[in-house]
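These notes are about the structure you will find just below.
Only a predicted model underlies this, so the values are computations on that prediction, with no experimental measurement involved. Lettering of chains follows the sequences in order, A, B, ..., and the numbering in each one begins at 1.
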Amino acid sequence: DARVTQTPRHKVTEMGQEVTMRCQPILGHNTVFWYRQTMMQGLELLAYFRNRAPLDDSGMPKDRFSAEMPDATLATLKIQPSEPRDSAVYFCASGPDRGTSPLHFGNGTRLTVT
Amino acid sequence: QQQVKQSPQSLIVQKGGISIINCAYENTAFDYFPWYQQFPGKGPALLIAIRPDVSEKKEGRFTISFNKSAKQFSLHIMDSQPGDSATYFCAASGWAGGTSYGKLTFGQGTILTVHP
């Protein structure tokens with residue numbers, strides 16, 4: 001059963017540290033999304049890629065967040081420097097980008113910044 | 001104009017009862033309306049979805065009702081079971097401008113508890 005894999009599952013770090021979250025999309029999926037979930041804001045889109053090219057990162061704080069796809073099997077979301085307000089669950093999702101084909105979410109990285 | 005408003009925030013239903021969750025949207029460019037189910041510690045998983053060319057879609061115990069003129073859609077869970085206890089999110093997206101249907105705007109979520 002193909003699934004989106006995210007690492008690490010949990011990350012606790014101190015304010016000012018760099019955080020890197022990784023995602024392995026489902027093989028053959030050419031769109032990859034990063035969503036953030038918080039109690040206050042719910043699920044928000046941060047960025048997404050099609051065929052490894054960034055299409056929209058308007059949901060990301062540009063000064064500290066960056067998202068890349070070094071290859072088709074790896075997407076990364078980096079926060080530098082991290083702040084307590086970045087504490088959230090970060091989800092990666094992938095899809096085949098064929099019409100309304102379902103989006104498949106990973107189980108997230110729970111980030112706590114102290 | 002990008003908002004999707006979901007209600008109620010929480011819902012308690014007895015086993016066998018009907019759970020109803022409502023959503024309203026503003027952006028008329030939206031033309032894909034999925035519902036996602038999320039269990040603690042897991043990512044959201046697609047439950048059922050509808051396009052605006054139909055007013056209702058049913059899959060097993062789950063039904064989406066869609067009212068295009070009112071810009072509202074709802075999820076009905078018939079014969080609710082304790083295993084249905086989860087958080088449910090409505091969402092909306094559209095293909096306008098060549099974007100992806102995966103670019104979802106989510107509602108705030110409804111925590112459903114089904115008592116045995």
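Between P102(A) and L46(B), the shortest heavy-atom contact is CB-CD2, 3.4 Å. Scanning both residues, Q41(A) and Q108(B), for their nearest heavy atoms gives O-OE1, 3.4 Å. Shortest non-hydrogen contact noted between G43(B) and N107(A) is N-OD1, 3.1 Å. Between F33(A) and K103(B), the closest heavy-atom pair is CE2-N, 3.5 Å.
Hydrophobic cluster membership differs between Y90(A) and V4(A), with clusters built from Ile, Leu, Val, Met, Phe, Trp and Tyr side chains linked at under 4.5 angstrom. Taking hydrophobic clusters as Ile, Leu, Val, Met, Phe, Trp and Tyr residues chained together by side-chain heavy-atom distances below 4.5 Å, I26(A) does not share a cluster with F49(A). A continuous path of hydrophobic side-chain contacts links V54(B) to F73(B) [ILVMFWY only; heavy atoms under 4.5 Å]. Residue V89(A) is not grouped with residue L46(A) when hydrophobic side chains (ILVMFWY) are merged at heavy-atom distances under 4.5 angstrom, including chains of intermediate members.
The distance from atom CZ of F106(B) to atom CD of Q37(A), rounded to the nearest 0.5 Å, is 8.5 Å.
At least one donor-acceptor pair closer than 3.5 Å links the side chain of R9(A) to the backbone N or O of G41(B).
Side-chain contact between L45(A) and L104(B): absent, with no pair of heavy atoms (C-beta onward) separated by less than 4.5 Å. In this structure the side chain of F91(A) reaches within 4.5 angstrom of the side chain of Q38(B), judged on heavy atoms.
Counting non-hydrogen atoms of neighbouring residues, nucleotides and ligands closer than 6.0 angstrom, the CZ atom of R110(A) reaches no more than 12 such neighbours. Other residues, nucleotides and ligands contribute only 12 or fewer heavy atoms inside 6.0 Å of the CD atom of E14(A).
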